[in-house]
Amino acid sequence: MNFYFLCASLDDSYLTNELFVAEELGLWALEQLRELLSYCPAECLGRNPIKTYDALAQSDDFVYCPLAYGYSNYGRLGYAKNRLAFSNLVSVKGKVGRSVLGGTGLAISSHCQHKEIAAKYARYVNDAQTQRTLYLENGGQPGHRSAWLSDAANHLTNTFFKDTLATLDAAYLRPRYDGYLYFQDHAAHPVHSYVNEGGNPKEILFAMQTLFEESKKGTDALEN
């Protein structure tokens with residue numbers, strides 16, 4: 001996702017055509033990540049965003065993280081030892097940094113035996129009033145825009161929503177085609193290997209391009 005952030009911030013066509021990323025841009029992004037890692041403690045490479053925020057919130061050893069997904073709970077008083085403050089992304093070569101939007105959603109299974117009840121509950125959960133109040137007040141991170149603009153929500157979360165909304169508005173929506181998640185899951189490995197161990201960055205991009213082409217075959221073809 002950090003690779004995505006760098007590429008999407010500079011190229012709107014990233015991952016939208018047959019070549020998943022232009023070579024020059026991809027090589028630059030890999031080099032940037034490897035350099036960034038050189039300034040970080042080795043254990044950072046093994047942390048996901050939650051473990052990163054735990055390291056920030058539970059001790060005084062770390063004070064800043066430039067790239068990670070936002071979790072508003074860490075802005076709530078009493079959630080951890082230290083209350084974290086969030087902000088919008090850094091710029092990239094003078095351009096607004098673009099995060100990657102896409103992840104957990106709410107859906108009704110095709111095997112659901114009570115679809116109408118499930119649909120009624122989904123509407124209730126996504127209702128603006130529910131999102132601004134009950135959902136938020138009980139630890140939820142709302143998706144409804146009115147909740148992000150709510151003074152009460154921002155007071156509760158150390159202005160998490162107000163201070164990161166511009167990042168959400170500028171975010172790059174990751175692809176949704178059948179097979180895409182195969183690419184995201186597997187392409188992380190060569191990136192991780194390069195930033196940690198080095199190697200030939202052109203070979204890393206070739207491996208990622210191959211995975212991108214394979215992912216276009218769709219889930220059924222990939223599973224067989």
Novice: Determine, using the 4.5 Å side-chain heavy-atom cutoff (strictly less than), whether Leu56 and Val90 are members of one ILVMFWY cluster.
Specialist: yes
Novice: Taking atom CG of Asn48 as the centre, does the number of heavy atoms from other residues, nucleotides or ligands within less than 6.0 Å exceed 12?
Specialist: yes
Novice: Is there a path of hydrophobic side-chain contacts, each under 4.5 Å between heavy atoms, that joins Phe206 and Leu33?
Specialist: no
Novice: Treating Ile, Leu, Val, Met, Phe, Trp and Tyr as nodes and any side-chain heavy-atom pair under 4.5 angstrom as an edge, say whether Leu45 and Phe62 lie in one connected cluster.
Specialist: yes
Novice: Apply side-chain contact (heavy atoms from CB on, under 4.5 Å) to Phe5 and Tyr172, showing your working.
Specialist: CA-CA 8 Å; Phe5 156 70; Tyr172 163 79; over 6 Å; no
Novice: Side chain of Ser72, backbone of Gln141: donor and acceptor closer than 3.5 Å?
Specialist: no
Novice: For Thr157, does its backbone N or O pair with a side-chain atom of Arg76 as donor and acceptor, under 3.5 Å?
Specialist: no
Novice: Are Tyr121 and Ile117 side-chain neighbours, meaning at least one heavy-atom pair lies under 4.5 Å?
Specialist: no
Novice: Taking the side chain from Asp178 and the backbone from Gly218, do they hold a donor-acceptor pair closer than 3.5 Å?
Specialist: no
Novice: May I have the step-by-step check of side-chain contact (heavy atoms from CB on, under 4.5 Å) for Leu19 and Phe212, ending in yes or no?
Specialist: CA-CA 8 Å; Leu19 184 67; Phe212 180 60; over 6 Å; no
Novice: Please indicate whether Tyr124 has more than 12 foreign heavy atoms, meaning atoms of other residues, nucleotides or ligands, lying under 6.0 Å from its OH.
Specialist: no
Novice: When the ring planes of Tyr14 and Phe20 are compared, do they come out parallel, tilted or perpendicular, using 30° and 60° as the limits?
Specialist: tilted
Novice: Hey, does the side chain of His186 reach the backbone of Tyr182 with a donor-acceptor pair shorter than 3.5 angstrom?
Specialist: yes
Novice: Using the rule given for side-chain contact (heavy atoms from CB on, under 4.5 Å), can you reason through Leu101 versus Leu168, listing the C-alpha separation, both sets of side-chain angles and the distance that settles it, and then say yes or no?
Specialist: CA-CA 7 Å; Leu101 192 62; Leu168 272 289; 3.4 Å; yes
Novice: Could you tell me if the side chain of Thr164 sits less than 4.5 Å from the side chain of Trp148, heavy atoms only?
Specialist: yes
Novice: Angle class for the Tyr74/Tyr53 ring planes (parallel below 30°, perpendicular above 60°, tilted otherwise)?
Specialist: tilted
Novice: Given the side-chain rings of Tyr177 and Phe183, with only the six-membered ring counted for Trp, is the space between their centroids under 6.0 Å?
Specialist: no
Novice: Tell me, please, which residues at least two apart from Glu137 pass side-chain contact (heavy atoms from CB on, under 4.5 Å).
Specialist: Thr133
Novice: Quick one: does Arg174's side chain get under 4.5 Å of Leu181's, heavy atoms only?
Specialist: yes
Novice: Is Tyr64 reachable from Tyr39 through a run of I, L, V, M, F, W or Y residues, each pair having side-chain heavy atoms under 4.5 Å apart?
Specialist: no
Novice: May I ask you to check whether over 12 heavy atoms, not counting those of Glu43, lie within 6.0 Å of atom CD?
Specialist: yes
Novice: Leu36 and Val195: side-chain contact (heavy atoms from CB on, under 4.5 Å), yes or no, with the steps?
Specialist: CA-CA 9 Å; Leu36 178 61; Val195 298; over 6 Å; no
Novice: Any carboxylate oxygen within less than 4.0 angstrom of a Lys/Arg side-chain nitrogen, looking at Arg47 and Asp54?
Specialist: no
Novice: Asn138 side chain to Leu134 main-chain N or O, any donor-acceptor pair under 3.5 Å?
Specialist: yes
Novice: Can you hop from Leu37 to Leu6 via hydrophobic side chains spaced under 4.5 Å?
Specialist: yes
Novice: What I want to check is whether the side chains of His111 and Ser109 have a donor and an acceptor closer together than 3.5 Å.
Specialist: no
Novice: Heavy-atom count around His189 NE2 within 6.0 Å, excluding the residue itself: above 12?
Specialist: yes
Novice: For Lys120, does the NZ atom have more than 12 heavy-atom neighbours from other residues, nucleotides or ligands under 6.0 Å away?
Specialist: no
Novice: Out of Asp169, Asp11, Asp12, which one pairs with Arg98 under the salt bridge (Lys or Arg N to Asp or Glu O under 4.0 Å) rule?
Specialist: Asp12
Novice: I'd like to check Phe3 versus Leu30 (side-chain heavy atoms, cut-off strictly below 4.5 Å). Are they in contact?
Specialist: yes
